[in-house]
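A short worksheet on the structure shown next.
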Amino acid sequence: MSNQLHETAVQSAISTRWLARSYHYLPTVGSTNDRLKEMLAKGSDDDPPAGTVVLADFQNQGRGRLNRSWEAPPGTSLLLSVLFRPYWPAKQAHWLTMAASLAAVEAIKKEANLTVGIKWPNDLMIFVVNEWRKAGGLLLEGSLSANGRLESAILGIGMNVNIPQEQLPDASTPATSLLVAGGRPIPRLALLAGFLQRLEAHYEVAERGKSPQATWVQQLITLGQSVHVTHTGSGQTLSGRAEGTDTWGRLLLRDGAGQLHTIATGDVTLRDRE
Ligand code: ADP
């Protein structure tokens with residue numbers, strides 16, 4: 001029962017006011033972000049409202065950033081996308097990823113009682129034995145109106161819930177799941193309900209103009225560490241100490257010469273890993 005994520009089960013498990021009240025369950029889909037995009041593109045009377053959720057038990061074209069793939073065996077994970085219509089300035093878009101990663105961290109702590117954190121900018125990590133391993137990721141895709149406002153934003157999230165060790169993907173950042181890290185299966189429905197509840201609350205705070213940054217930064221595992229950051233577009237690498245983030249969630253990196261860099265997006269590796 002607790003493994004069923006159909007409409008009726010989810011509607012009776014959640015206590016949100018608007019988030020996920022429009023909910024679409026699919027056994028299989030290419031990508032939940034793409035499906036929501038298609039629903040938006042139709043632009044008819046049944047335009048999906050803010051808070052619409054598309055959740056799938058399997059994605060055959062799951063994506064990370066830069067068209068990297070997201071792999072998860074059927075029925076083992078939480079794979080979902082949420083539609084927002086924030087009309088925020090574009091600069092504020094990352095607040096959605098921040099709000100959602102905070103919601104995920106809190107829900108995982110509550111349901112699985114694991115040591116969990118965020119790897120800047122968009123990975124969910126769990127500490128297993130002696131290292132941080134990747135247990136989830138977020139992908140935000142937005143579209144701007146003519147005046148540069150965030151007209152719609154689709155927030156995709158994948159969480160490795162009950163993936164057994166032998167089915168974890170072989171990725172450059174070692175992967176784990178809540179099952180592998182905690183040694184027991186976690187009910188996906190309870191985790192989903194906890195996540196959606198917290199996401200609605202964090203979004204509403206952000207909607208009132210308050211950045212999630214102060215709370216979010218406390219969950220960053222990268223803080224105070226010596227890191228390399230490879231810029232997502234140019235491939236250029238900067239090295240230094242991760243000192244914090246600004247209110248927009250951009251990483252503040254102090255290089256060896258003492259200069260402070262503000263980085264909007266990139267891939268982080270810890271220097272002592274090499
Ligand atoms: P990055 O960690 O580089 O930001 P993304 O967030 O874009 O990466 O996620 C895609 C990457 O995550 C893939 O290139 C792959 O290495 C890894 N990956 C794919 N599926 C999973 C999974 N279920 N768990 C952990 N890592 C995964």
Side-chain angles (χ1 to χ4, degrees), residues 28-34 55-82 93-94 96-98 100-101 104-105 108 112 114 116-129 131-142 154-182 185-186 188 191-192 195 216 219-222 225 227-238 242 245 249-251 263-270 273:
T28 301
V29 72
S31 126
T32 56
N33 265 31
D34 289 347
L55 179 142
D57 262 330
F58 182 65
Q59 297 183 118
N60 50 39
Q61 281 167 7
R63 289 184 286 115
R65 294 180 303 163
L66 306 171
N67 285 325
R68 294 168 183 154
S69 68
W70 188 261
E71 314 284 344
T76 60
S77 300
L78 283 180
L79 307 168
L80 65 141
S81 298
V82 187
H94 192 49
L96 290 169
T97 315
M98 293 155 83
S101 53
V105 162
I108 292 171
L114 293 165
V116 49
I118 299 162
K119 183 177 162 213
W120 185 90
N122 65 339
D123 288 339
L124 300 172
M125 308 293 285
I126 293 177
F127 198 78
V128 189
V129 189
E131 64 173 359
W132 289 100
R133 298 189 185 167
K134 184 162 163 179
L138 296 103
L139 177 68
L140 182 72
E141 298 182 294
I154 295 174
L155 190 280
I157 180 162
M159 279 187 244
N160 300 340
V161 186
N162 296 322
I163 308 183
Q165 176 73 50
E166 65 279 7
Q167 289 182 39
L168 284 170
D170 190 15
S172 54
T173 305
T176 193
S177 67
L178 308 192
L179 168 69
V180 169
I186 299 299
R188 289 189 305 161
L191 184 64
L192 174 66
F195 168 69
W216 179 76
Q219 305 297 336
L220 283 188
I221 64 168
T222 339
Q225 310 267 3
V227 295
H228 295 301
V229 185
T230 306
H231 185 261
T232 314
S234 68
Q236 260 188 347
T237 297
L238 276 170
T245 68
R250 295 179 301 189
L251 187 68
I263 305 168
T265 183
D267 286 314
V268 173
T269 45
L270 294 178
R273 277 288 156 72

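Read the numbers this way: they start at 1 and go in the same order the structure lists the ligands and their atoms. Throughout, residue positions are numbered sequentially from 1 according to the sequence presented.
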Just jot down the side-chain contact (heavy atoms from CB on, under 4.5 Å) partners of A93, sequence neighbours excluded, or say none. L140, L150
Sub-3.5 Å donor-acceptor pair from the side chain of N162 to the main-chain atoms of I186, do we have one? yes
Please enumerate all residues that pass side-chain contact (heavy atoms from CB on, under 4.5 Å) together with I221, with sequence neighbours excluded. K119, M125, W132
Heavy-atom contacts with ligand 1 below 4.0 Å: which residues, ordered by chain and residue number? G64, R65, R68, S69, W70, E71, N122, D123, K134, N160, P169, A171, A175, D267
Determine the minimum heavy-atom distance between T245 and L220, stating which atoms define it. CG2-CD1, 3.6 Å
Enter the distance from I157:CD1 to F195:CZ here, rounded to the nearest 0.5 Å. 4.0 Å
Residues forming a salt bridge (charged side-chain N to carboxylate O under 4.0 Å, His left out) with R250, sequence neighbours excluded: D246
